[in-house]
Amino acid sequence: MQKISFYSFIFFLLLLSCQKKQETLFISHNSEETGITFSNVLNPNDSINPFTFTNFYNGGGVGIGDVNNDGKPDIFFGGNQVSCRLYLSKIDTLSKKWAFEDITEAAGVRTARWCTGISMVDINQDGLLDIYVSVARHPKLSSSADPATSENLLFVNQGLDSNKQPRFREMAKAFGLNAASFTVQTAFFDADLDGDLDAYMMNSAPDLQNPNYLRQTYNDGSYPSTGKLYRNEGTGENGIPVFTDISKDAGVRYEGLGLGLAISDLNKDGYPDIYCSNDFISSDILYLNNGLKNVGVPTFNNAIREATTHTSLYGMGLDVADINNDTYPDIFQLDMLPEDNFRQKKMLAGQDYDRKEMSISAQYGYQLQYMRNVLQLNLGATPGQGQNGVPMFSEIGLLAGVAKTDWSWAPLIADFDNDGQKDIFITNGYRRDVTDRDFIQFKEDFSNFGTNDFKQQNALELIKKVPEVQIANYAYQNTGNLTFF
């Protein structure tokens, strides 16, 4: 019996060794192969660090699009303390060789600003893809003598040079899009259905107070974190489109610490709507597009409270797609709830029921929020209001099995396995785990001692004590019955 068991074991090992290695759905290509060496290196100092700038580790964004019209998508990386970089695709589909060429300097797209979001758009509709770069504004990020260093950038594609490489010209001011508004991301879409592209800028705010501090909201357009809507007025005297700020007339007046932005016709009335995923205690915003309504500009109303029962608390990135093939666009929003009990205990403080109830009271008027990913299933327009009514959403994140993915940033919804059902990919991680409860307690104790100068001088030593946690990305397959695995 022992000999039989031994030979059976050897046969089993040989069988395993002969098996073909399981193929994955995606193949990773390293930097040695691709030539992509961009790294958004961050070097905190006494004045700029996670304690003085909340969004210090939030990244610079990335845009993908064909800037030279050769049929291959190119990559533009946003940089914070380093320049943005533009990589031209040199992929050979026949040999399956993945390669890119860094043409940043030659293309004229080098930057020296804290870039936060990238939009690839043919803004002047000349058949050439342009690049719009959203830029952070912060007292310590720019010189008071040169406030223009906080303005957003627009690199307009000038076409190919004699070497058949694209050249760009920075023209944000000429287009009227050089706002310095704490911009996190900008979306270009035809808000008024007149055939050209308008722009919505999602903003954040300066670090003037604790962003989780329960306070009165300013929804009159006066707060720095209020978004901006720019209408494309068409070609001006200089032969380029002219954009004007119509935020006030359009009803764009709600504040929010924006991190995620999506444009979609959520109530299927033919007009594109705007969803802003907002961080910390600030409520999300759902701007429903009412059309022109005889006022000459597209108007919007914020229907977040009517459309949803609750949203994510620390709203990060989001994506909009039809996850159940009923033709209605659904919303998937990310947050920070860890999957395992150990990480939950390290990140979550005790829940304050009274504070949450107070936040949604008439005195403050915040939307009800929970710290987890939310999957908003679109049920259609409000009964009795017809096609132009408020869309109703049922939140099914826990039911669908996608509510807990830790500190998540960007979801991408697409049919990755070509089975007719849209799947979900989620990117995760943060450079320093500033939400670690042990560290927060240590920081609070540290802040009770020494002068302000002492605290500032020792900020870098304190930052080094912040834990680093590497968290794997998540990929979910759609089962077709409102659940994912």
Quiz prompt | Close side-chain approach of Phe77 to Leu86, heavy-atom, < 4.5 Å | solution = no
Quiz item: Between Ser312 and Leu334, does a side-chain contact (heavy atoms from CB on, under 4.5 Å) hold up when you go through it step by step?
Solution: CA-CA 7 Å; Ser312 294; Leu334 298 182; over 6 Å; no
Quiz prompt | Test side chain to side chain donor-acceptor pair (under 3.5 Å) applied to Thr308 and Gln369, Gln333, Gln367, the passing residue | solution = Gln367
Quiz item: Within the distance-only criterion (no hydrogens, no angle test), does the side chain of Asn157 pair as donor or acceptor with the backbone N or O of Leu129 below 3.5 angstrom?
Solution: yes
Quiz item: In terms of side-chain heavy atoms, does Asn373 have a donor or acceptor partner in Thr405 at a distance below 3.5 Å?
Solution: yes
Quiz item: Can you check whether Gly195's main-chain N or O pairs, donor with acceptor, with Asp190's side chain at less than 3.5 Å?
Solution: yes
Practice problem: Quick one: do Glu395 and Tyr370 satisfy side chain to side chain donor-acceptor pair (under 3.5 Å)? Show the steps, please. | Solution: CA-CA 11 Å; Glu395 202 283 292; Tyr370 294 104; over 6 Å; no
Quiz item: Between Thr34 and Ile36, is there a donor-acceptor pair closer than 3.5 Å when you use the side chain of the first and the backbone of the second?
Solution: yes
Quiz item: Relative to each other, are the rings of Phe76 and Phe155 parallel, tilted or perpendicular (30° and 60° limits)?
Solution: tilted
Quiz item: In this structure, are over 12 heavy atoms from other groups packed under 6.0 Å from Tyr213 atom OH?
Solution: no
Quiz item: Can a cation-pi geometry be assigned to Lys422 and Phe332, taking NZ or CZ under 6.0 Å from the six-membered ring centre and within 45° of the ring axis?
Solution: no
Quiz item: To the nearest 0.5 Å, what is the distance between CG (Leu266) and CD1 (Ile274)?
Solution: 10.5 Å
Quiz item: In chain order, what residues pass the side-chain hydrogen bond (donor to acceptor under 3.5 Å, both in side chains) check against Asn212, with sequence neighbours excluded?
Solution: Tyr314
Quiz item: Going by atom types only, do Arg85 and Thr104 share a side-chain donor-acceptor pair under 3.5 Å?
Solution: yes
Exercise. Find out whether the Lys NZ or Arg CZ of Lys228 is both under 6.0 angstrom from the six-membered ring centre of Tyr200 and within 45° of the ring's axis.
Key: no
Practice problem: Without swapping roles, check the side chain of Trp114 against the backbone of Val135 for a donor-acceptor pair under 3.5 Å. | Solution: no
Self-check item: Arg113 side, atom CZ; Ser150 side, atom OG - distance, nearest 0.5 Å
Solution: 8.0 Å
Quiz item: Within the side chain of Asp66, is there an N or O that forms a donor-acceptor pair under 3.5 Å with the backbone of Gly71?
Solution: yes
Quiz item: Which class fits the ring pair Tyr223 and Tyr218: parallel under 30°, tilted 30 to 60°, perpendicular over 60°?
Solution: parallel
Self-check item: Any donor-acceptor pair under 3.5 Å from Ser247 side chain to Leu229 backbone
Solution: yes
Practice problem: Would you kindly say whether Gln363 and Gln216 are connected by a side-chain donor-acceptor distance under 3.5 Å? | Solution: no
Quiz item: Between CG of Asn378 and OG of Ser394, what distance do you get to the nearest 0.5 Å?
Solution: 10.5 Å
Quiz item: Do you know the tightest heavy-atom contact between Asn68 and Leu160?
Solution: CB-CD2, 3.8 Å
Quiz prompt | Under the salt bridge (charged side-chain N to carboxylate O under 4.0 Å, His left out) test, residues paired with Asp406 that sit two or more places apart | solution = Arg343
Practice problem: Say whether Ser134 and Thr186, considering side chains only, have a donor N or O and an acceptor N or O under 3.5 Å apart. | Solution: yes
Practice problem: Indicate whether the side chain of Thr226 and that of Glu255 have a donor and an acceptor atom separated by less than 3.5 Å. | Solution: no
Quiz prompt | Distance-only polar pair, side chains of Asn152 and Asn178, donor-acceptor under 3.5 Å | solution = no
Self-check item: Thr311 side, atom OG1; Asn278 side, atom CG - distance, nearest 0.5 Å
Solution: 8.5 Å
Quiz item: What orientation do Phe56 and Phe53 show, parallel under 30°, tilted 30 to 60°, or perpendicular over 60°?
Solution: perpendicular
Quiz item: Can you check whether Thr111's main-chain N or O pairs, donor with acceptor, with Ser83's side chain at less than 3.5 Å?
Solution: yes
Practice problem: Can you see which heavy atom on Ala191 is nearest to which on Asn289, and at what distance? | Solution: O-ND2, 2.9 Å
Quiz prompt | Non-neighbouring partners of Asp423 that pass salt bridge (charged side-chain N to carboxylate O under 4.0 Å, His left out), sequence neighbours left out | solution = none
Exercise. With rounding to the nearest 0.5 Å, note down the distance linking CG in Leu377 to CG in Asp330.
Key: 5.0 Å
Quiz item: Rounded to the nearest 0.5 Å, how far does OH of Tyr230 lie from CE of Met201?
Solution: 4.5 Å
Quiz item: Should we count CZ of Arg169 as having more than 12 external heavy atoms under 6.0 Å?
Solution: no
Practice problem: May I ask you to decide if Pro329's main-chain N or O and Asp322's side chain share a donor-acceptor pair within less than 3.5 Å? | Solution: no
Practice problem: Quick one: list whatever passes side-chain contact (heavy atoms from CB on, under 4.5 Å) with Asp436, sequence neighbours left out. | Solution: Lys346, Asp433, Asp438, Phe439, Pro467
Self-check item: Whether over 12 other heavy atoms sit under 6.0 Å from Glu357 CD
Solution: yes
Quiz item: For the rings on Tyr87 and Phe38, is their centre-to-centre separation under 6.0 Å?
Solution: no
Practice problem: Using distance alone, with no hydrogens and no angle criterion, decide if Ser408 and Asn428 have a side-chain donor and acceptor under 3.5 Å apart. | Solution: yes
Practice problem: Provide the closest heavy-atom pair for Gly227 versus Asn203 in the form atom of the first, atom of the second, distance. | Solution: CA-ND2, 3.8 Å
Exercise. Could you tell me whether the side chains of Tyr287 and Asp273 share a donor-acceptor contact shorter than 3.5 Å?
Key: no
Quiz prompt | Arg253: partners by salt bridge (charged side-chain N to carboxylate O under 4.0 Å, His left out), with sequence neighbours left out | solution = none
Practice problem: For Glu170, check salt bridge (charged side-chain N to carboxylate O under 4.0 Å, His left out) against everything at least two apart and list the hits. | Solution: none
